[in-house]
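Residue numbering restarts at 1 for every chain, and letters A, B, ... go by the order of the sequence lines. All heavy atoms count here, side chains included; hydrogens, waters and symmetry mates do not.
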Protein chains: 2
Amino acid sequence: MARKPADQSVNKMDILLAAADVLRRNGYEATTMKDIAAQVNLTAASLYHHFKSKDFLLLSVLETGLQVAIDQMERILHTPQPCADRLRAMITGHIVDVTANPAVGAAMVFEIRSLMNARPGIAGSIHSDAAFIERRDAFFRQRDAFENLFRRIIKEGIAAGEFREVDAAVFTRAMLGAHNWVGVWYRPGGRLTGQEVAAIMADTFITSLTGGLAEGQPAPLHRAQPGR
Amino acid sequence: MARKPADQSVNKMDILLAAADVLRRNGYEATTMKDIAAQVNLTAASLYHHFKSKDFLLLSVLETGLQVAIDQMERILHTPQPCADRLRAMITGHIVDVTANPAVGAAMVFEIRSLMNARPGIAGSIHSDAAFIERRDAFFRQRDAFENLFRRIIKEGIAAGEFREVDAAVFTRAMLGAHNWVGVWYRPGGRLTGQEVAAIMADTFITSLTGGLAEGQPAPLHRAQPGR
DNA sequence: ATTATAATTAAATTCTGATTAGATTATTCC
DNA sequence: GGAATAATCTAATCAGAATTTAATTATAAT
């Protein structure tokens with residue numbers, strides 16, 4: 001046919017990564033197409049060759065980030081280890097992802113709402129586009145599925161007697177809130193690596209579930225000295 | 001002097017609450033002065049009688065929300081109870097606040113970045129206003145102070161032997177991430193009340209620190225059955 | 001009642017930013 | 001080399017939004 005990805009051309013993935021980065025800094029509404037374009041040495045108009053609209057671009061960023069995370073979790077989940085070990089792997093996997101690419105991680109936290117509000121017809125987005133709504137809803141289903149992966153293994157661990165009885169829904173959200181927040185405060189090159197942060201966080205939640213008594217990494221416990 | 005708060009007039013606090021609500025739904029950039037004004041039956045122009053600019057309005061929303069939280073924490077903190085009990089009170093206090101007013105809670109999560117980016121001179125905000133920068137920086141100092149309240153009591157608990165040794169910085173952020181996230185998913189009238197959510201969350205983190213062995217609420221623990 | 005001022009408004013101003021239209025340039029296939 | 005198409009650009013278009021200005025209305029104190 002014609003022109004291939006060459007020197008001056010960028011592909012969609014380049015744009016998505018650049019967009020994620022700009023989004024992390026500025027947020028969806030404050031990010032202009034020009035900002036994103038500048039990041040990959042294009043003009044705003046050029047972006048419309050790759051994406052139908054700003055909304056679709058955002059959606060693509062989020063879809064990509066989420067899919068990576070889900071794939072990884074699924075892989076871990078179907079492993080024949082104790083629940084605690086699998087959960088530990090899931091937590092560290094997720095957090096390492098987030099620290100490796102804080103832009104996407106932060107977008108996942110902050111831009112969800114913009115996506116929800118990208119209502120067709122309503123001032124702002126002009127998508128009478130059923131296509132958009134459909135893809136957006138699919139994204140939200142995926143996100144729920146992601147949350148469910150965690151919820152499920154917690155329930156499994158409780159059923160197996162590995163974990164104490166907790167409210168799986170709230171516990172899961174506490175975890176995911178903590179994970180998501182990492183994308184906000186984590187800075188590469190700081191005191192801790194992504195791996196280290198991940199290990200600490202996993203320890204935090206696994207200890208909460210097992211009381212620090214079960215298998216897994218050692219979780220040194222000072223016996224409480226009642227009464228301060 | 002003249003006109004007092006009467007029928008048609010609204011006071012600043014009315015506007016702040018309304019603004020928090022609109023902000024939660026739309027986010028800072030997507031929220032127009034008109035949106036906020038409509039919420040209190042005013043026109044956009046009227047808001048400028050009460051607030052110097054949109055940035056100042058946002059800042060006021062956040063300041064108010066944070067101050068409420070800090071006051072409450074301080075009160076709890078200077079109580080002569082074991083660290084675990086004080087921490088529990090702090091967690092539940094914070095989360096009940098968030099669930100009682102998810103708008104402010106969510107703003108605290110989502111709008112922080114808009115506030116950071118409200119740079120004077122830079123396209124968008126026109127504050128060459130040193131006043132704005134000063135107040136904004138003061139806000140960030142307050143936010144750090146808030147985080148420190150939690151960090152401090154964790155360290156105190158570790159020193160007292162009540163808590164196991166954790167990385168206080170990361171643990172604190174895990175907690176606050178979980179708390180903040182509540183403002184995002186919590187819906188009044190759902191399965192759980194704010195109090196219930198708060199209790200579960202407090203339990204989650206305190207158990208992680210004490211191994212469920214110390215004082216405090218009972219944290220039933222199924223002995224792990226090693227090897228699934 | 002008069003006056004001073006607080007609260008509000010409608011209308012104008014000015015900018016920014018998403019999106020479109022119409023070329024232009026580069027690349028591959030024949 | 002020519003045809004077809006991809007990738008990009010420049011220059012409009014167009015709407016929405018923050019802020020300003022210049023009135024207008026209401027209230028309290030004198």
Length of the CG-P vector between B:D35 and D:dA17, whole Å
7 Å

State plainly whether the residues B:E147 and B:R143 are in salt-bridge range, i.e. N to O under 4.0 Å.
no

Give the nucleotide from the list D:dT8, D:dA18, C:dA18 with an atom nearest to the side chain of B:M33.
D:dA18

I need the CZ-C1' distance between A:F51 and D:dT8, as an integer number of Å.
15 Å

Just how far, in rounded Å, is C1' of C:dA6 from NZ of B:K12?
13 Å

To the nearest angstrom, the CG-C1' distance between B:L47 and D:dT20 comes to 14 Å

Can you name the side-chain contact (heavy atoms from CB on, under 4.5 Å) partners of A:Q39, sequence neighbours left out?
A:A18, A:D21, A:V22, A:R25

Which residue pairs satisfy the salt bridge (Lys or Arg N to Asp or Glu O under 4.0 Å) criterion with at least one member in residues 174-191 of chain B, sequence neighbours excluded?
A:D167-B:R191

Among all residues two or more places apart in sequence or in another chain, which pass the side-chain contact (heavy atoms from CB on, under 4.5 Å) test with A:Y186?
A:T99, A:V182, A:P188, A:V197

Taken to the nearest whole Å, OH/B:Y48 to P/D:dA22 is 18 Å

Protein-nucleic acid N or O pairs under 3.5 Å, nucleotides 9-13 of chain D:
from  : atom 1 : to    : atom 2 : distance (Å)
D:dC9 : OP2    : A:T43 : N      : 2.8
D:dC9 : OP2    : A:T43 : OG1    : 3.1
D:dC9 : OP2    : A:S46 : OG     : 2.4

What integer distance in Å separates B:K34:NZ from D:dG16:P?
9 Å

Does C:dT8 have its OP1 or OP2 closer than 4.0 Å to a side-chain nitrogen or oxygen of B:H50?
yes

Taking ring-ring contact (aromatic ring centres under 6.0 Å, His included) as the definition, give me every residue that meets it alongside A:F139, ordered by chain and number, with sequence neighbours left out.
none

Does D:dT8 have its OP1 or OP2 closer than 4.0 Å to a side-chain nitrogen or oxygen of A:H49?
no

To the nearest angstrom, the CD1-C1' distance between A:I36 and C:dG17 comes to 12 Å

Parallel, tilted or perpendicular, as decided by the 30° and 60° cut-offs, for the rings of A:F150 and A:H94:
tilted

Are B:K54 and D:dA18 close enough that a side-chain N or O sits under 4.0 Å from OP1 or OP2?
yes

Taking side-chain contact (heavy atoms from CB on, under 4.5 Å) as the test, write out the residues that go with A:A199, two or more places apart.
none

